[in-house]
Amino acid sequence: MPVPFALEQQVAIVAVRRACALTTTVFNKLVAGETLVKGDKSPVTVADFSAQAVINTILSQAFPDDPIVGEEDASDLRAPTTEAGHALRARVVELADDILAQPPLTPSGTTTSGGGADSDPDSGIGGEGGERAEWGLGRRWGADALLKAIDRGNFAGGRSGRMWTLDPIDGTKGFLRGGQYAVCLALLIDARVELGVIGCPNLPSTPSPSPPSHQSSGANTSTPDDASANSRDTGALFVAVRGHGTHQLPLLVPPPPSSTTAASASAPSTPPAVHRRRLNMPRLEVHELSFLESVEKAHAALDTNARIAARLGVRAEPLRMDSQAKYAALVRGDGGGGVYLRLPVAGGRRGGGAGGYQEKIWDHAPGSLLVEEAGGIVTDYRGRPLDFGLGRTLGTNFGVVAARKEVHAQVIDAVQAVLAEEAAQGEGGGEESAQS
C-alpha cells in the first residue's frame, strides 16, 4: 500500500535533520566553546533564527505554495542598529548557509546532485536518507533569501488547507544547559495533523528503563537533561504519519565542513544497529504510570501534578525534561511509560483572559500525532481535543494531558477532581472550575 505524504515525509526528515546539525554546531561553538554571561540567551537566538531559515528554505523549495506557521520572524535581523545586532545577523546567515550548502546525501551517506530515496511501503515512513538539490541544498543563499525564508513562518494559521507548523528550538533552557530540546515540524491539512517529525539531538537513542529519583525541591536534579548531552549514544528522530504509526529513526546528523571535532563527535557517523522501529506506548495499569513533566515550575503546575499522581496511586517519581522531547519519551516508554501532564500555573487556566496563557500550535502539533499513532490520546485537561484550526494558538484549549487510550479517561477524572478541590480551597487564585 502506498505510503501517504511520502514526499512530505522525506522533505520534513531532511529539513529536521539538517536543522539538528545546525543546532548541535551552535551549541558546541557558542555555548560549550564560549564563555557566556549568566542569563545570556544569544546562542539560542542564533540557533532559533538559523534553524528556521534552514527548514523554511527547504520547505519553500519543495512546496512553494504551502504556508508555514513558525515561531520566529526576521524583523530584528533586517535593519540592525547595534554592533551586536549586526553580529547576530551575520552569524545567522553564515550558519544557515553552511548547512544548506552541504551537498545532497544519498541514503548511503554519499553525495549526489539530485534524486533521492524511494519510500519504503513496509516502514510506514518515507525514504530515510535521500536528499535532492531542488530542495535548496548544495548552495549558499545569502542574507536576503534567508531572511525571506524566516518570514515565511508568519502565516496566521486557520481552519482550511495545507500548512506547516515549526518550532525551530523547543526547550530553550534545555538547549542552553546542554539538556533536552527538540526541533519540531508538522504538516496539517484542514486543521488536522497528518505528519509530525521531531528531532531530539540530546535524547538517548534507547529509552531509560525507569524514572530517576528527584530531590524533594523539584529543582534540576537527575533527569535526562543532565547526562544525555555528554553521552555518545544520543540523538533520535521521531516520525508519525496519520494511520501509519509512529517510528523512531537515527538522527544521523551530518557535521558541517567547518565543524569542530566536538561537533562531529556529537552525532553518530554510522547508523545504529536498529535502523528504525515502530513505537507503541506500553500498556500499564493506572498505578504503574509515571508522569512526564516540565523541568521548570514556571511552565507547569508541578505541585498540582503531584496531587494528581497521589490521587491515581502513582508511586513512581516524575521524569522531568524540557521541550516536546517529552512526547517522544512518552511514546517510547521512557521512565517506564505513563502520562505527559502540562497544566497551566495559577492564573493561566482561563486561557485568553487577563494573565491567561494560550498554548501555541507549534508546541503540540507534531507531538500530539506521535502519541495518537502510538496508541494514546491527547486532549486538554477538560478532555477536549486540541483544536489546531483557531490560528497560531490552541485558543480555549487549557493545558495538555497525553496518555495511552486505556487510562486517559481515568487521568482526566483525577485532573478535574484535583483542580476542583484546589479551586474550592482558593489555591487556584479564582480560576474557573476544571469541570466547566
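The figures here come from the full heavy-atom set of this structure, side chains too, leaving out hydrogens, waters and symmetry mates.
Here the options are P207, S290, P204, the test is side chain to side chain contact (heavy atoms under 4.5 Å, CB included), and the partner is D334; only P207 passes. Of the residues listed (L59, I99, L95, T23), the one engaging V54 in a side chain to side chain contact (heavy atoms under 4.5 Å, CB included) is I99, and it is the only one.
Side-chain contact, S160 with D190: no donor N or O sits under 3.5 Å from an acceptor N or O. Using a 3.5 Å distance cut-off with no hydrogens or angles, the side chains of H364 and E359 do pair a donor with an acceptor.
Residues passing the side chain to side chain donor-acceptor pair (under 3.5 Å) test with R89: none are found, sequence neighbours excluded. Under the ring-ring contact (aromatic ring centres under 6.0 Å, His included) criterion, Y340 pairs with Y327, sequence neighbours left out. Partners of D380 according to the side chain to side chain donor-acceptor pair (under 3.5 Å) rule, which considers only residues two or more places apart in sequence or in another chain, are N397. E71 pairs by the side chain to side chain donor-acceptor pair (under 3.5 Å) definition with nothing, not counting sequence neighbours. D76 is linked by a side chain to side chain donor-acceptor pair (under 3.5 Å) to nothing, counting only residues two or more places apart in sequence or in another chain. Considering only residues two or more places apart in sequence or on other chains, W164 meets the ring-ring contact (aromatic ring centres under 6.0 Å, His included) condition with F63. Residues satisfying the salt bridge (charged side-chain N to carboxylate O under 4.0 Å, His left out) test with R404, not counting sequence neighbours, are E406. In terms of the salt bridge (charged side-chain N to carboxylate O under 4.0 Å, His left out) criterion, residue partners of D151 (sequence neighbours excluded) are, by chain and number, R78. With sequence neighbours left out, the side-chain contact (heavy atoms from CB on, under 4.5 Å) criterion links A365 to T165, A186, L188, V193, F388. Listed by chain and residue number, Q358, K360 satisfy the side-chain contact (heavy atoms from CB on, under 4.5 Å) test with T393 (two or more places apart in sequence, or in another chain). In this view, A53 and A96, L146, I150 satisfy the side-chain contact (heavy atoms from CB on, under 4.5 Å) rule, not counting sequence neighbours.
Using a 4.0 Å cut-off between charged side-chain N and carboxylate O, D73 and R152 make no salt bridge. Salt-bridge formation is not detected for the pair K326/E293: no Lys NZ or Arg NE/NH1/NH2 atom is positioned less than 4.0 Å from an Asp or Glu carboxylate oxygen.
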Exercise. Checking salt bridge (charged side-chain N to carboxylate O under 4.0 Å, His left out) for the pair D98/R140: CA distance, chi angles, key distance, verdict?
Worked result: CA-CA 7 Å; D98 282 350; R140 306 185 78 84; 2.9 Å; yes
For this session: Applying side chain to side chain contact (heavy atoms under 4.5 Å, CB included), run through R242 and R192 and close with a yes or a no.
Result: CA-CA 10 Å; R242 186 167 296 279; R192 188 174 81 159; 3.2 Å; yes
Exercise. Does the pair D387 and R159 meet the rule for a side chain to side chain contact (heavy atoms under 4.5 Å, CB included), with working shown?
Worked result: CA-CA 9 Å; D387 189 345; R159 183 68 62 188; 2.8 Å; yes
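Proximity of a side-chain donor or acceptor of Q180 to a complementary backbone N or O of S323 within less than 3.5 Å is not detected. Without hydrogens or angle criteria, R17 side chain to L237 main chain gives no donor-acceptor distance under 3.5 Å. A side-chain donor-acceptor contact under 3.5 Å links W141 to the backbone of G136.
Sorted by first then second residue, the salt bridge (Lys or Arg N to Asp or Glu O under 4.0 Å) pairs that include residues 43-67, not counting sequence neighbours, are D66-R162.
Considering all non-hydrogen atoms of both residues, Q9 and P4 come closest at NE2-O, 2.7 Å. In terms of heavy atoms, A47 sits closest to V26 at CB-CG1, 3.9 Å.
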